[in-house]
Amino acid sequence: MTQDAGGDGEFEAAWRAAPEAVRRALELAHEALAAGGLAVGAVLTDPAGGVLAQGRNEAYESPGEGPGAGPLRGSPLAHAEMNALGAARTGWDLGSATLWSTQEPCAMCTAAAGFTGVGAVRYLAPDPWALADGCDGVSGAEPVGDPVWLLAANVMFLRSVAVAAAGPAEPAILVHHWAVEPETAALHDAVPAGLPAPGSAGAWLAGLWPLLGPAARARTARVGHGR
């Protein structure tokens, strides 16, 4: 069925074309966002792209609460990448695996991936906090380079930070994002206030497509492809 360029058909085509790891990492980030946590998701994949293990950020959630609570939940170690690596088994050949994250891994998660021998690390979007500190790109991981999923990852991340912030003022990280990633900041401010209802990331992002698609094209026009 043919639909207009801004319709559901365009989003569904993009969603289906994305690697399984990208879709699953975004689903995990959305799950964290809906739970009121920091919206980051990560998966480990085999050489064929199949998901071996997964995790989401649980650092800001109470230990033992909610389905699938990991042993690190509620601790400062409970980053998405750490939870994904913690779900791996010692006998696995991680040298042939890829760790995917919705955000560029921090120093802790980068070190953990190196220590466990993960073969490759990829991410969808630069970490807004790393951008603010001038530390983006220092992990050595490879960006996926698709502006649609970059914006999708960061709009969820920014929303989770904004909801957790105290007071009516815009969080400093959002103010900074207006200077470095204006398309993402504008998209965030156009999304309905509050947390999304629990559900699928695909459905939520499809609803944002009239804003997300043009924002991705605007970002590509501003910075070029693959950045």
Under the side chain to side chain donor-acceptor pair (under 3.5 Å) criterion, do N57 and E81 qualify, and how do the steps go? CA-CA 8 Å; N57 191 293; E81 300 91 338; over 6 Å; no
Problem set entry | Worked verdict on L44 versus Q54 for side chain to side chain contact (heavy atoms under 4.5 Å, CB included) | CA-CA 6 Å; L44 272 170; Q54 63 184 33; over 6 Å; no
With side chain to side chain contact (heavy atoms under 4.5 Å, CB included) as the criterion, how do M108 and L77 come out once you've worked through the C-alpha distance, each side chain's angles and the decisive distance to 0.1 Å?
CA-CA 8 Å; M108 176 179 71; L77 299 178; 3.5 Å; yes
For V144 and L150, what are the C-alpha separation, side-chain angles and deciding distance, and is it a side chain to side chain contact (heavy atoms under 4.5 Å, CB included)?
-> CA-CA 8 Å; V144 170; L150 183 155; over 6 Å; no
Item to complete: Please test W178 against E170 for side chain to side chain contact (heavy atoms under 4.5 Å, CB included), starting from the C-alpha separation and ending with a verdict.
Response: CA-CA 11 Å; W178 273 106; E170 192 169 53; 3.7 Å; yes
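Put simply, the side chain of M156 reaches to within 4.5 Å of the side chain of L26, judged on heavy atoms. Looking at R56 and N83, their side chains never come closer than 4.5 Å, going by heavy atoms from C-beta outward. Side-chain contact between E181 and E183 is present, with heavy atoms from C-beta onward closer than 4.5 Å.
Atoms OG1 and CG, on T184 and L174 in that order, are 10.5 Å from each other to the nearest 0.5 Å. Here W129 contributes atom CH2 and Q103 contributes atom CD; the two are 9.5 Å apart, rounded to the nearest 0.5 Å. Atom-to-atom distance recorded for R217:CZ and L151:CG is 11.5 Å, nearest 0.5 angstrom. Interatomic distance, L38 CG to E58 CD, rounded to the nearest 0.5 Å: 12.0 Å. Note: E142 CD to T98 OG1 = 9.0 Å, rounded to the nearest 0.5 Å. Separating the CG atom in L85 from the CH2 atom in W92 is a distance of 10.5 Å, to the nearest 0.5 Å.
Nearest heavy-atom pair, A42 versus A84, reported as atom, atom and distance to 0.1 Å: O-CB, 3.9 Å. Nearest heavy atom pair, residue P147 against residue T220, reads CG-OG1, 3.2 Å. Nearest heavy atoms, A21 versus T45: CB-CG2, 3.7 Å. V43 and A25 get closest at one heavy-atom pair: CG1-N, 4.3 Å. Considering all non-hydrogen atoms of both residues, R23 and W15 come closest at CD-O, 3.0 Å. Heavy atoms only, all atoms of each residue included: A39 and A29 are closest at CB-O, 3.4 Å.
A donor-acceptor distance shorter than 3.5 angstrom exists from the side chain of R159 to the backbone of H188, with no hydrogens or angles considered. Between the T102 side chain and the G41 main chain, a donor and an acceptor come within less than 3.5 Å of each other. Formation of a donor-acceptor pair under 3.5 Å by the D46 side chain with backbone atoms of A48 is found in this model. The backbone N or O of A203 sits less than 3.5 Å from a side-chain atom of S200, completing a donor-acceptor pair. No donor-acceptor distance shorter than 3.5 angstrom exists from the side chain of N154 to the backbone of F157, with no hydrogens or angles considered. The closest donor-acceptor contact from the side chain of H30 to the backbone of G199 lies under 3.5 Å. Side chain of E27 to backbone of A201: a donor-acceptor contact under 3.5 angstrom is found.
The aromatic rings of F11 and W149 sit perpendicular, their planes meeting at an angle over 60°, well past the 30° parallel limit.
When the options V121, D127, T110 are evaluated for a side chain to side chain contact (heavy atoms under 4.5 Å, CB included) with S139, the one that passes is T110.
I173 and L187 fall into different hydrophobic clusters, defined by Ile, Leu, Val, Met, Phe, Trp and Tyr side-chain heavy atoms under 4.5 Å apart, directly or through other members. Note on L211 and L124: same hydrophobic cluster, where clusters join Ile, Leu, Val, Met, Phe, Trp and Tyr whose side-chain heavy atoms are under 4.5 Å apart, directly or indirectly. Note on V161 and Y60: same hydrophobic cluster, where clusters join Ile, Leu, Val, Met, Phe, Trp and Tyr whose side-chain heavy atoms are under 4.5 Å apart, directly or indirectly. W204 is connected to V148 through a chain of hydrophobic side-chain contacts under 4.5 Å among Ile, Leu, Val, Met, Phe, Trp and Tyr, so both are in one cluster. One hydrophobic cluster, built from ILVMFWY side chains closer than 4.5 Å, holds both V191 and L195.
We find that R122 and E104 are not joined by a salt bridge, their nearest charged nitrogen and carboxylate oxygen being 4.0 Å or further apart.
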